[in-house]
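The structure under discussion appears below in the form of structure tokens.
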Amino acid sequence: MDYTQAYVFRESLKAYGSQMGLDGIKSLMQELGDIWKELNIVHIAGTNGKGSVCCFLASALSEAGHCVGQFNSPSVFGARDAYRIRGARISREEYASCMAEAAAACQRMTAGGKRHPTLFEVETAVAFLWFFKRNCDIVLLETGMGGATDATNLIETPLCSVFVPIQLDHMEYLGTSLTEIADIKAGIIKKNCPVVTVCQPKEARIVLKQRADLLNAPYIEAPVISESYIEGDKLCYTYPKLGKLCLFMKGSYQVENSTLAIQTLFLLRERGFACSDTQIRKGIETAKWEGRFECLSQNPCFYIDGAHNPAAAKMLAASLKREFGAFQKIGIMGVMADKDYGEMLEILLPFFDVIYAITPDQPRALPAQTLADAVCQKGGKAKAFRCIKTAVAAAVNEIAGKERHMAAAFGSLYSLREVKQAFYECTGSGQKDIP
């Protein structure tokens with residue numbers, strides 16, 4: 001199997017839909033020798049910020065010399081985007097090799113009368129295969145959705161369970177209240193395995209703490225940082241024991257994400273994964289994660305952000321207010337129809353002069369015209385575009401050469417790759433092809 005064949009196989013897996021539960025992944029991993037049992041795993045759950053926390057952790061641990069595997073979902077900038085070791089994507093050759101092994105295991109399963117694994121189950125298996133083959137010292141494993149019934153939850157004794165903020169999202173799958181959603185996400189907590197978390201909403205904290213106590217799992221909360229500021233082009237704050245930190249990633253929400261990562265690094269250090277204060281500082285300050293309040297260009301001023309639910313919209317609003325309060329702003333927005341885009345608009349419309357509505361390339365996407373109509377109904381100004389490239393070109397043309405003008409694309413992780421590619425093409429700058 002070469003890379004093209006591996007990609008075709010991956011795409012064919014979408015036909016199997018989504019299956020909650022662990023039977024499929026357990027059967028698949030049994031076919032592959034249960035190699036996940038040889039890995040040291042940090043399991044990460046919650047609503048917004050999992051990828052950023054993984055990025056901070058990977059950067060610091062790599063700085064300390066560890067071979068760090070990182071599995072994130074969804075794949076935002078291509079099929080290989082979900083898999084990284086020391087920050088570098090899996091190669092086409094390694095991807096094809098691991099996917100071929102997973103495909104053969106799937107064939108054996110169906111031949112034995114078992115159901116065919118889903119796309120996410122296969123992707124999870126590919127991650128375990130690659131990390132095992134590359135002898136990773138430590139693996140950062142992000143849940144796909146939820147926790148208890150997520151394919152990643154077949155692991156039994158993680159080094160620790162890490163929780164970013166738990167908010168209302170995926171309610172059609174996880175429950176209609178914060179308590180119900182937290183209960184499912186708390187399923188990644190394992191007996192005697194420490195829990196590291198941010199300060200959660202009251203309902204979520206009660207659920208997490210009760211499960212941790214039940215399983216004799218130490219419960220550790222990262223410190224709350226109330227003050228941060230922009231200095232130069234960095235987001236700065238003071239962390240207890242480490243002093244002043246200046247982050248390359250300057251979305252306002254990265255303060256909380258980085259403090260959670262630091263607290264986790266302190267715990268991992270106690271558990272034998274050496275990482276000095278100096279290495280932690282450098283790793284945290286130099287960490288980069290695509291698509292999270294990422295600046296593609298200062299002139300024209302163009303940002304992309306993965307805000308795709310109300311909680312993330314509030315975080316984006318805070319970043320826009322802090323850095324671009326007096327700017328004229330164009331929003332390029334595309335959302336999934338099953339998201340609470342009405343509440344997202346309530347939060348973000350005050351920050352944009354106009355919304356360019358787009359349709360992400362996903363079956364669940366909300367049509368651009370429907371989104372534009374919703375904007376107008378709420379008193380905003382909007383224009384629907386038939387293709388993302390045209391919307392990006394129109395925004396760039398509107399802000400180019402103008403001081404105190406900017407554009408920001410947001411609303412769905414699934415549209416960021418196309419937006420980024422379109423920006424590079426219409427400006428003739430930066431990366432010409434997203435790998």
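- Side chains of Ser415 and Glu418: a donor-acceptor N/O pair is absent below 3.5 angstrom, by distance only.
- A salt bridge links Glu221 with Arg205: at least one charged nitrogen is closer than 4.0 Å to a carboxylate oxygen.
- Qualifying salt bridge (Lys or Arg N to Asp or Glu O under 4.0 Å) partners for Lys114, counting only residues two or more places apart in sequence or in other chains: none.
- Within the 4.5 Å cutoff, the side chain of Thr47 has no heavy atoms near those of the Pro165 side chain.
- Remark: Lys209 engages Asp213 in a salt bridge (Lys or Arg N to Asp or Glu O under 4.0 Å) (not counting sequence neighbours).
- Between Phe410 and Phe352, the ring centre distance stays below 6.0 Å.
- Every pair passing side-chain hydrogen bond (donor to acceptor under 3.5 Å, both in side chains) that includes a residue from residues 343-357 is listed here, sequence neighbours excluded: Glu346-Lys378.
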Would you mind writing out the side-chain donor-acceptor pairs for residues 52-65 within the sub-3.5 Å range, not counting sequence neighbours?
unit_1	atom_1	unit_2	atom_2	d
Ser52	OG	Gln254	NE2	3.1
Ser59	OG	Gly283	O	2.7
Ser62	OG	Ala58	O	2.7

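- For Glu11, the side chain to side chain donor-acceptor pair (under 3.5 Å) partners two or more places apart in sequence, or in a different chain, are Lys14.
- Among residue pairs with one or both ends in residues 218-251, none qualify as ring pair (Phe, Tyr, Trp, His ring centres under 6.0 Å); sequence neighbours excluded.
- Listed by chain and residue number, nothing satisfies the side chain to side chain donor-acceptor pair (under 3.5 Å) test with Lys234 (two or more places apart in sequence, or in another chain).
- With contacts defined as side-chain heavy-atom distances shorter than 4.5 Å, the pair Leu119/Arg10 qualifies.
- The side chain to side chain donor-acceptor pair (under 3.5 Å) test applied to Lys314 returns no partner, not counting sequence neighbours.
- The existence of a salt bridge linking Glu323 and Arg404 is excluded, since no basic side-chain nitrogen approaches an acidic carboxylate oxygen closer than 4.0 Å.
- Between Glu156 and Lys37 no salt bridge is recorded (no basic side-chain N to carboxylate O distance below 4.0 Å).
- Glu270 meets the salt bridge (Lys or Arg N to Asp or Glu O under 4.0 Å) test with no other residue; sequence neighbours excluded.
- Applying the side-chain contact (heavy atoms from CB on, under 4.5 Å) test to Ala82 and every residue at least two apart in sequence or in another chain returns Phe71, Ser75.
- In this view, His116 and Tyr16 satisfy the ring pair (Phe, Tyr, Trp, His ring centres under 6.0 Å) rule, not counting sequence neighbours.
- Residues satisfying the salt bridge (Lys or Arg N to Asp or Glu O under 4.0 Å) test with Asp277, not counting sequence neighbours, are Arg269.
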